[in-house]
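First the structure, in the form of C-alpha cells, and then the observations on it.
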Number of protein chains: 2
Amino acid sequence: MQKETLCLGLLSLGPRSGYEIKQMFEGPLSDFYSLSFGTIYPTLNNLQADKYVSCKQHSQSKKPDKKVYTITKKGMELMKDNLLSDASSYIRSGNFGDQIKSEFFLLLLFSKYLPKETMDTVLNERVLYLRQKLEQFKYDGPVPGNLDAIRNEKSVSFIRGLASSLIETGLNYMEKNRHLLKEKTK
Amino acid sequence: MQKETLCLGLLSLGPRSGYEIKQMFEGPLSDFYSLSFGTIYPTLNNLQADKYVSCKQHSQSKKPDKKVYTITKKGMELMKDNLLSDASSYIRSGNFGDQIKSEFFLLLLFSKYLPKETMDTVLNERVLYLRQKLEQFKYDGPVPGNLDAIRNEKSVSFIRGLASSLIETGLNYMEKNRHLLKEKTK
DNA sequence: ATTATATATATCATTCTGATATATATACGC
DNA sequence: GCGTATATATATCAGAATGATATATATAAT
C-alpha cells in the first residue's frame with residue numbers, strides 16, 4: 001500500500017498532525033505496519049499540494065507550529081480508489097504473506113553459536129515483551145484522545161482478538177518447548 | 001543483524017552461491033527475514049575481499065559462472081563475534097518486537113471502505129495461503145539439497161513448531177470470527 | 001540543578017528493495 | 001516443432017524508506 005493511501009486512511013479517522021500520525025504507528029499499529037518521520041512529513045506536504053488534505057496551523061509560541069491536516073473530499077475519493085486497486089492487486093499478486101524482519105528468529109536460528117545464558121536471556125526478554133504486548137491488546141480502558149479513533153474502528157476489535165490469540169499461542173509454545181533449544185551440539 | 005553476519009551464518013551451514021542464498025530467503029526463511037539480490041551479491045563480494053569467505057568459480061559454458069562461497073576461519077570468528085554483540089544489543093535495546101509490514105492488516109483496518117465481496121476474497125485467499133504455509137511447515141519429507149542444511153538445524157524444529165501453532169491459531173480465529181467484519185457501518 | 005522525555009517539523013546520507021539487463025537451458029502446451 | 005514460461009546465475013542502479021540529526025522549548029524526574 002502506498003504511503004499516501006495509508007496517511008489518507010489514518011486522516012479519514014479524524015484530523016491529525018504528522019507527529020500524531022507517527023504516534024499511531026508507535027502504538028498497537030506498530031505490530032502491523034510503520035512509517036518514519038522522513039516518510040510521513042514529505043507525504044503530508046505532497047498531499048496538501050495536491051489538495052487531498054487541507055492544513056490548519058496552530059501557532060504555539062516558540063514551539064514549531066502544529067500543522068493539523070484534514071482529509072478533503074478529493075482525498076477521500078483518492079483513498080477509496082487506491083484502496084480498491086490495492087486490494088485487487090493484492091489478490092492478483094498471489095503474495096498473501098507479510099513482510100517480516102525478525103531479529104529474534106535470526107538469533108534463534110543461529111542460537112548454536114551463542115552461549116546458552118545469552119540465548120536464555122533473549123528468550124526471557126521476549127517472553128516478558130510478549131506478555132506486555134498481550135496486556136496492551138487486551139486492555140479495554142481509556143486511551144489517549146489521539147489513539148481513540150483507531151481504537152473504536154470495528155475492524156480493530158477483530159484485529160485485537162487475532163493478535164491476542166496469536167501472542168497467547170506463542171507464549172504457550174515457548175514455555176512448553178524452550179527446553180528443546182538447550183540440547184546443544186557441543 | 002547486519003547483512004554480513006546473516007550471509008556468514010547461512011554460509012556456516014555449508015558452501016553456497018548467491019543465488020542459492022536467495023533461494024533460502026524464498027523458502028521457509030522468508031517468513032522471518034529476507035534479503036534481495038541487490039544486497040546479497042555486493043555483500044558476498046565485500047566478504048570475499050576481506051577474506052571472510054573464499055570463492056570457487058564453477059564454469060558453466062555460456063551461463064554465468066556459478067560462484068560458490070565457503071566461509072573461512074576468519075569468517076566464522078567474525079560471525080560468532082557479531083552474533084554475540086547482536087544478541088547483547090538486542091537485549092540492551094529493549095525492543096523485542098519484529099519489524100512487520102502487513103498489507104493484509106492494512107486492508108483489514110480499512111475494510112469499511114471496501115466492497116464486502118472484495119474483503120471476502122481477500123480473507124479467502126489469505127486463508128488458502130495460510131493453509132498452504134501450514135502444510136509447508138509441517139511437511140517432513142525430503143527437500144532440495146539446497147535447503148537441506150537449514151532444515152536439519154536443531155533450532156529449526158523449534159521454529160517450525162512455533163510457526164505451525166501460530167498459523168493454526170490464526171486460521172481458527174479467522175474462521176470463527178470473520179463474520180464480525182461483515183457488520184458494516186452503512 | 002541537571003538530565004531525560006515529550007512536543008513538533010524538517011532534512012538528508014546511507015541503506016535496501018525491486019526492476020532491469022544479460023545469457024542460456026529446459027519444460028510445457030498445442 | 002514452435003513459441004512461451006520458468007529456472008539458473010550474476011550484476012547494477014534508480015527510486016524509496018529508514019534512522020539519525022538539527023532545531024527549539026516545556027515539563028517531569030532525580
Side-chain angles (χ1 to χ4, degrees), chain A residues 1-7 15-27 30 33-49 53 55-69 89 93-95 97-103 106 144-147, chain B residues 1-7 15-27 30 33-49 53 55-69 89 93-95 97-103 106 144-147:
Chain A
M1 187 175 297
Q2 293 171 77
K3 54 200 154 101
E4 287 81 11
T5 316
L6 183 44
C7 287
R16 261 169 194 66
S17 68
Y19 190 81
E20 287 165 339
I21 288 178
K22 177 74 213 224
Q23 284 182 319
M24 296 175 95
F25 282 122
E26 272 161 2
S30 71
Y33 217 95
S34 190
L35 292 178
S36 67
F37 281 126
T39 299
I40 294 169
Y41 285 122
T43 300
L44 288 172
N45 287 332
N46 294 340
L47 287 172
Q48 189 189 359
V53 299
C55 177
K56 259 188 199 159
Q57 304 224 172
H58 297 243
S59 296
Q60 321 183 81
S61 59
K62 304 287 182 169
K63 255 190 276 188
D65 287 5
K66 185 172 174 172
K67 295 179 172 181
V68 176
Y69 295 91
S89 65
S93 79
N95 179 20
D98 304 328
Q99 195 200 303
I100 300 179
K101 302 247 163 181
S102 174
E103 182 83 4
L106 291 186
N146 217 359
L147 305 173
Chain B
M1 186 174 299
Q2 293 171 76
K3 53 197 161 93
E4 288 82 10
T5 315
L6 182 44
C7 287
R16 259 169 195 67
S17 67
Y19 190 80
E20 286 164 339
I21 287 177
K22 178 74 215 230
Q23 284 181 320
M24 297 175 95
F25 282 122
E26 272 160 2
S30 72
Y33 217 94
S34 190
L35 292 178
S36 66
F37 280 126
T39 300
I40 294 169
Y41 285 123
T43 300
L44 289 172
N45 287 332
N46 293 340
L47 287 172
Q48 190 190 358
V53 300
C55 177
K56 258 188 198 158
Q57 304 225 170
H58 298 241
S59 297
Q60 320 184 82
S61 59
K62 305 287 182 169
K63 254 190 277 188
D65 288 4
K66 185 173 175 174
K67 295 177 170 181
V68 175
Y69 296 91
S89 65
S93 79
N95 179 19
D98 305 328
Q99 196 200 304
I100 301 180
K101 302 246 163 182
S102 174
E103 182 82 5
L106 291 187
N146 218 358
L147 305 173

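Chain identifiers are assigned alphabetically (A, B, ...) following the order of the sequence lines, protein sequences preceding nucleic acid strands; residue numbering begins at 1 within each chain. Quick caveat: nothing in here was measured; it's all calculated off a predicted structure.
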I want to check one thing: is the phosphate of D/dA9, taken as OP1 and OP2, less than 4.0 Å away from some side-chain N or O of B/Lys67? no
Atom-to-atom span, CD1 of A/Ile100 to C1' of C/dC16 - whole angstrom: 18 Å
Nucleotide C/dT14, atom P - distance to CD of B/Gln2 in whole Å: 16 Å
Less than 4.5 Å apart, side chain to side chain, heavy atoms only: is that true for B/Asp65 and B/Lys56? no
What is the separation between atom NE2 on A/His58 and atom C1' on C/dT7, rounded to the nearest whole Å? 15 Å
Closest contact, heavy atoms only, B/Leu106 versus A/Met1: CB-CE, 3.6 Å
Sugar-phosphate, base or nothing in reach of A/Ser34, heavy atoms under 4.0 Å: sugar-phosphate
Mind checking B/Gly18 for me? I need base, sugar-phosphate or nothing, with any heavy atom below 4.0 Å counting as a touch. sugar-phosphate
I need the CG-P distance between B/Leu44 and D/dA9, as an integer number of Å. 14 Å
Could you report the tightest heavy-atom contact between A/Ser36 and A/Lys22, atom names first, then the distance? CA-NZ, 3.9 Å
Options C/dC16, D/dA17, C/dG18, nucleotide nearest the side-chain atoms of B/Lys3: C/dC16
Here the distance between atom P of C/dT7 and atom CZ of A/Arg16, to the nearest Å, is 14 Å
Gap between atoms CD1 and P, on B/Ile40 and C/dT15 respectively (whole Å): 17 Å
Check A/Ile40 against A/Leu35 and note the closest heavy-atom contact, atom names and distance. CD1-O, 3.7 Å
Please tell me if B/Thr39 has a side-chain N or O lying less than 4.0 Å from either OP1 or OP2 of C/dT15. no
May I ask you to list the residues of residues 19-27 of chain B, by number, that have any heavy atom positioned under 4.0 Å from an atom of DNA chain C? none
OP1 or OP2 of C/dT17 versus the side-chain N and O atoms of A/Lys101: is any pair under 4.0 Å? yes
Please figure out whether B/Gln99 or B/Ser17 has its closest DNA chain D nucleotide nearer the 5' end. B/Ser17
Which heavy-atom pair separates A/Phe25 from A/Tyr33 by the least distance, and what is that distance? CD2-O, 3.5 Å
As a test of reading the structure: which of D/dA9, C/dT9, D/dG19 is closest to the side chain of B/Lys66, going by heavy atoms? D/dA9
Whole-Å gap separating P (D/dT18) and CZ (A/Phe37): 12 Å
B/Tyr69 versus B/Ile21: any side-chain heavy-atom pair under 4.5 Å? no
Given C/dA10, is OP1 or OP2 found less than 4.0 Å from the side-chain N or O atoms of A/Tyr41? no
Determine whether a donor-acceptor pair (N or O, by modelled atom type, separation under 3.5 Å) exists between the side chain of A/Thr43 and the backbone of A/Thr39. yes
Between P on D/dA16 and CG on A/Leu6, what's the gap in Å once rounded to a whole number? 16 Å
